[in-house]
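Beneath this line is the structure, given in structure tokens, with notes to follow.
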Amino acid sequence: MSYAILFVCMGNICRSPTADGVFRQKVADHGLNDLVRVDSAGTHNYHPGSPPDGRAQAAAARRGYDLSALRARQVQAADYAAFDLILVMDQDNLAVLQENCPPEHQHKLRLLTEFCQIHKASVVPDPYYGGADGFEQVLDLVEDACEGLLAHVRSQV
């Protein structure tokens with residue numbers, strides 16, 4: 001059995017590719033590549049085919065994550081059926097997905113921060129218009145949530 005996870009933010013160039021890269025590394029580190037599929041997408045088609053924001057890539061690289069191969073894409077209708085869990089970064093993007101998601105797949109939509117074990121954040125804030133500290137904060141939250149998510153996924157596969 002395999003398990004598929006989709007990370008979603010607005011443009012798929014900051015938060016969701018960061019989560020994609022961090023979780024992909026954790027999956028590899030735990031020998032789960034054959035059991036877990038990881039992807040990311042945006043609710044909006046602002047940056048199709050673009051690599052993650054350079055600031056996101058630099059922050060991730062400082063912590064040992066390589067985001068360079070990832071490319072932005074928009075959530076597609078088929079994604080709702082193709083993924084077991086669709087994790088969004090904030091309430092605005094959750095609302096967009098809830099509006100477009102077929103009823104039979106609504107249960108798959110969750111906030112990534114639900115899996116945080118240390119931080120008490122309700123959302124992963126968008127760092128796009130801020131400074132470098134915002135990208136570090138995103139990584140802090142994503143790394144925490146991905147640890148909790150890994151435990152959840154291990155119980156599913």
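This chain uses plain numbering: 1 for the first residue, then up along the sequence. Values reported hereafter were calculated over all heavy atoms of this structure, with side chains retained and with hydrogens, waters and symmetry mates removed.
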What heavy-atom pair brings C9 and P17 nearest, and what distance separates the two atoms? SG-CD, 4.5 Å
How are the rings of Y128 and H47 set relative to one another: parallel (under 30°), tilted (30 to 60°) or perpendicular (over 60°)? tilted
Write out all pairs satisfying salt bridge (charged side-chain N to carboxylate O under 4.0 Å, His left out) with one or both partners inside residues 14-28, taking only residues at least two apart or from two chains. R15-D90, R15-D126, D20-R24, K26-E147
Please say yes or no: joined through hydrophobic side-chain contacts below 4.5 Å, possibly via intermediate residues, are V153 and V22 part of one cluster? yes
Would you verify whether the NZ or CZ of R37 falls within 45 degrees of the ring axis of F83 while also being under 6.0 Å from that six-membered ring's centre? yes
Going by atom types alone, do D133 and Q137 pair a side-chain donor with an acceptor below 3.5 Å? no
D84 side chain vs A4 backbone, donor-acceptor pair below 3.5 Å: yes
Side chain to side chain contact (heavy atoms under 4.5 Å, CB included) test vs L94 passes for just one of V123, T43, L109, namely L109
Pair L87, E114 - check side-chain contact (heavy atoms from CB on, under 4.5 Å), show working. CA-CA 9 Å; L87 300 174; E114 290 178 32; over 6 Å; no
Identify the two heavy atoms, one from A19 and one from M89, that lie closest to each other, and give their separation to 0.1 Å. CB-CE, 3.9 Å
May I have the step-by-step check of side-chain contact (heavy atoms from CB on, under 4.5 Å) for R73 and D79, ending in yes or no? CA-CA 12 Å; R73 71 175 186 87; D79 289 334; 2.8 Å; yes
Taking T113 for its side chain and S122 for its backbone only, find out whether a donor-acceptor pair lies under 3.5 Å. yes
Please check this pair: side chain of D144 against backbone of L141, looking for a donor-acceptor N/O pair closer than 3.5 Å. no
Between A56 and T18, which heavy-atom pair has the shortest distance, and what is it? CB-OG1, 4.0 Å
Please round to the nearest 0.5 Å and tell me the distance separating atom OG of S16 and atom CG of D39. 9.0 Å
Taking the six-membered ring for Trp, are Y3 and H152 parallel (under 30°), tilted (30 to 60°) or perpendicular (over 60°)? perpendicular
In terms of hydrophobic clusters joined by side-chain contacts under 4.5 Å, are V38 and Y65 together? yes
Check: D53 side chain, I13 main-chain N or O, donor-acceptor pair, under 3.5 Å: no
Is V124 reachable from L150 through a run of hydrophobic residues whose side-chain heavy atoms are each under 4.5 Å from the next? yes
Can you name the salt bridge (Lys or Arg N to Asp or Glu O under 4.0 Å) partners of E136, sequence neighbours left out? R62, R63
Can I get a per-line list of side-chain donor-acceptor pairs under 3.5 Å for residues 97-105, giving both atom names and the distance, sequence neighbours left out?
{"unit_1": "N100", "atom_1": "ND2", "unit_2": "V96", "atom_2": "O", "d": "3.0"}
{"unit_1": "H105", "atom_1": "ND1", "unit_2": "Y80", "atom_2": "O", "d": "3.3"}
{"unit_1": "H105", "atom_1": "ND1", "unit_2": "K108", "atom_2": "NZ", "d": "3.0"}

Kindly compute the distance separating CZ (F7) from CG (N93), expressed to the nearest 0.5 Å. 14.5 Å
Closest non-hydrogen contact found for A59 with F135 is CB-CB, 4.0 Å
Would you say L6 ends up clustered with L32 if hydrophobic residues are merged whenever their side chains have heavy atoms under 4.5 Å apart, either directly or through other cluster members? no
Rounded distance (nearest 0.5 Å) linking atom CG of L112 with atom CG of L149: 7.0 Å
Which residue in the set C14, P52, P51 passes side chain to side chain contact (heavy atoms under 4.5 Å, CB included) when paired with L67? P52
Rounded to the nearest 0.5 Å, the CD1 atom of I5 sits from the OG atom of S40 at a distance of 12.0 Å
Does F115 offer a backbone N or O that forms a donor-acceptor pair with the side chain of Q117 under 3.5 Å? no
Look at the side-chain heavy atoms of Ile, Leu, Val, Met, Phe, Trp and Tyr, link any pair under 4.5 Å apart, and say whether L85 and V27 land in one connected group. yes
